[in-house]
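From a predicted model like this one, the values you see are computed outputs, not experimental measurements. Just the heavy atoms: all of them, side chains too, but no hydrogens, waters or symmetry mates, feed the values below.
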Amino acid sequence: MNSNDESLVAIGVAHDEVEATIWRDSLEREGIVVYVKNADPLTPLGVAPLPGSQQLFVLGKDEKRARLILGDGEDSA
């Protein structure tokens, strides 16, 4: 297994928490582990996250399949 297979890869930035949840649920249903990071530094202080601050990451080994599931990739095989 390549060490890049275990590194996190950014696969998208969701507009809001609802979109991030939909993406995460879609990927998890396919067995892909998803990490969602909120890049808005004020959110921990109780402020609603800014649009476009929800970043989604998957393991490198799952990147291609995750992009296909989300419709953000072309099957070149």
Side-chain angles (χ1 to χ4, degrees):
M1 181 178 287
N2 188 335
S3 63
N4 288 336
D5 289 346
E6 295 300 320
S7 62
L8 291 178
V9 177
I11 59 162
V13 178
H15 181 72
D16 55 29
E17 289 179 277
V18 173
E19 185 175 47
T21 299
I22 292 169
W23 291 358
R24 184 193 69 220
D25 291 349
S26 296
L27 294 171
E28 287 180 345
R29 274 194 301 273
E30 298 296 324
I32 297 174
V33 176
V34 181
Y35 302 92
V36 179
K37 178 182 177 189
N38 186 337
D40 186 347
L42 297 179
T43 302
L45 302 174
V47 177
L50 291 172
S53 64
Q54 304 289 312
Q55 301 171 333
L56 280 80
F57 297 84
V58 298
L59 294 175
K61 66 180 182 165
D62 295 323
E63 178 183 10
K64 183 177 180 180
R65 193 162 58 104
R67 290 188 185 281
L68 288 171
I69 291 166
L70 296 179
D72 184 32
E74 297 180 19
D75 190 3
S76 58

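Among all heavy-atom pairs drawn from Ile11 and Ala66, the shortest one is CD1-CB, 4.0 Å. Nearest heavy-atom pair, Gly60 versus Val9, reported as atom, atom and distance to 0.1 Å: CA-CG2, 3.6 Å. Scanning both residues, Ala20 and Ala14, for their nearest heavy atoms gives N-CB, 3.5 Å. For the pair Val58 and Asp62, the tightest heavy-atom approach, listed with the atom from each and the gap, is CG2-C, 4.1 Å. Closest approach of Glu6 and Leu59 over heavy atoms only: O-CD2, 3.4 Å. Taking each heavy atom of Leu56 and Arg24 in turn, the nearest pair found is CD2-N, 4.1 Å.
Applying the side chain to side chain contact (heavy atoms under 4.5 Å, CB included) rule to Glu30 yields the partners Arg65, Ile69; only residues at least two apart in sequence or on another chain are considered. Shown here are the side chain to side chain contact (heavy atoms under 4.5 Å, CB included) partners of Val33, two or more places apart in sequence or in another chain: Tyr35. Partners of Thr21 by side-chain hydrogen bond (donor to acceptor under 3.5 Å, both in side chains), not counting sequence neighbours: none found. Here Gln55 pairs with Val13, Lys37, Ala39, Phe57 under the side chain to side chain contact (heavy atoms under 4.5 Å, CB included) rule; sequence neighbours left out.
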Review point. Between Ile22 and Glu19, does a side-chain contact (heavy atoms from CB on, under 4.5 Å) hold up when you go through it step by step?
Key: CA-CA 5 Å; Ile22 292 169; Glu19 185 175 47; 5.6 Å; no
Check your understanding: Does the pair Trp23 and Leu70 meet the rule for a side-chain contact (heavy atoms from CB on, under 4.5 Å), with working shown?
Key -> CA-CA 7 Å; Trp23 291 358; Leu70 296 179; 4.0 Å; yes
